[in-house]
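Below is one structure, written out as structure tokens, with a few remarks after it.
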There are 2 protein chains.
Amino acid sequence: MRRLKHTKQFPAADHDHKTCITHALQEAEAYCKQQGLRLTELRRRVLELIWANHQPVGAYDLLEQLTREGRKAAPPTIYRSLDFLMQSSLIHRITSLNAYVGCNHPGLDHAAQFFICEDCGQAAEMDDAKIESAIAKDAKRLGFTVEKRTIEVAGICAHCKHHSKT
Amino acid sequence: MRRLKHTKQFPAADHDHKTCITHALQEAEAYCKQQGLRLTELRRRVLELIWANHQPVGAYDLLEQLTREGRKAAPPTIYRSLDFLMQSSLIHRITSLNAYVGCNHPGLDHAAQFFICEDCGQAAEMDDAKIESAIAKDAKRLGFTVEKRTIEVAGICAHCKHHSKT
DNA sequence: AATGTTACGTTATATTATAACAACATCCCA
DNA sequence: TGGGATGTTGTTATAATATAACGTAACATT
């Protein structure tokens, strides 16, 4: 597994999010083209909706948005797109929220950890080698072969902490 | 938060599980008595069913077992007991499985990590200070206040690995 | 164009969890 | 000790998340 040099910051309140979206979609296009994956109109749109912000979004929220846009959509419609996007490493599932969020490093098979603000709902994706190696060490001691990690930390982000000091 | 000295081993195939059960129930009784918590007949029975083995069990599985025993039980019955047991730190919820498993250190407010075998279904609870401190360090850097951790590693345990070499 | 494969539409249903209110039990103390 | 307060359980209904099964349409390759 490749390792990233930098961990992500929590998305700043004032960052230029349009850039996040266009960048994510461009990367997705390029990656799918390169890998021969079919980023269809539907899948692309779902990815775009997920990237609307940095807050993990539920499947039925996405479904409702698609429906409002006039598309005939039922649960399988959205779940199939989500499956594709997850298999292609374009999004992550946040298990503790039953929600989905855009991946910062599409195509890269990385062990991700998430810090999720319970106030603003934003999620920051990390790739901390220390966490990963601590887990690997435990696994080795147990003789355990790691397949999937679910590492999600809920709490309050710096921004919300400062702004809730009423 | 108190820190445990030893991390748990994966439950061995041949361990004396009856001891696990009686020990867990005795500890629960003692802890509840000491804390003035009411471990009612229902709650005690649910805890016992959860401790039937080391595999996290679903709420509706428990419900079915209660029903078979002749008790009038509906989903709220079981979910309320589960809530009580979780708040009392007698069980953990395994988020990635929507299932519940007995806690090894009742009453102790510990950060738990779980290694879950996808073959035999058993879960091993750990309390690795390295993982916890790595998370704490990231949180500090982000200015993030940690509330809840969900750390679950799925894979194949040593026992199942050896026995699937057909 | 024929064929196989992949994606999507559609209907139904499974699985997990909670809301709301009534009935009963237990506790506490005046 | 009796009577209100609190906590627990029963009961009915429903919310929220996810998948099964099967048909149809799009696409891709020959």
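Residue numbering restarts at 1 for every chain, and letters A, B, ... go by the order of the sequence lines. Please read all numbers here as calculations on a predicted model, not as lab measurements.
OP1 or OP2 of dA17(C) sits under 4.0 Å from a side-chain N or O of Asn98(B). Put simply, Tyr100(B) has a side-chain N or O that comes within less than 4.0 Å of OP1 or OP2 on dA17(C).
Distances from the side chain of Arg93(B) to the nucleotides dT16(C), dT11(D), dA18(D) place dT16(C) closest. Listed nucleotides dT11(C), dA7(C), dA17(C) differ in distance to Arg38(A); the shortest reach to its side chain belongs to dA7(C). Proximity note for Pro76(B) (side chain, C-beta onward) versus dG10(D), dA19(C), dT19(D): the nearest is dA19(C). Residue Thr40(A) places its side chain closer to dC8(C) than to any other of dT11(D), dC8(C), dT9(D). Here the side chain of Thr77(A) is nearest to one of dT11(D), dG9(C), dT8(D), namely dG9(C).
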Set out, in order, the CA-CA distance, both residues' side-chain angles and the distance that settles side-chain contact (heavy atoms from CB on, under 4.5 Å) for Tyr100(A) and Met86(A), then state yes or no. CA-CA 9 Å; Tyr100(A) 306 82; Met86(A) 280 190 287; 3.9 Å; yes

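Straight-line distance from the CG atom of Leu42(B) to the P atom of dG10(D): 6 Å, rounded to whole Å.
Cluster annotation: Ile116(B) is not connected to Ile135(A) through the hydrophobic network of ILVMFWY side chains, with a link wherever side-chain heavy atoms come within less than 4.5 Å. Cluster annotation: Trp51(A) is not connected to Ile94(A) through the hydrophobic network of ILVMFWY side chains, with a link wherever side-chain heavy atoms come within less than 4.5 Å.
Among the protein residues, Arg43(A) comes within range of the sugar-phosphate backbone only, with heavy atoms under 4.0 Å from sugar or phosphate atoms but none that close to a base. Within the nucleic acid shown, Arg80(A) comes within 4.0 Å of at least one base atom, counting heavy atoms only.
On a pure distance criterion of 3.5 Å, a polar donor-acceptor pair joins the side chain of Tyr60(B) and the base of dA17(C).
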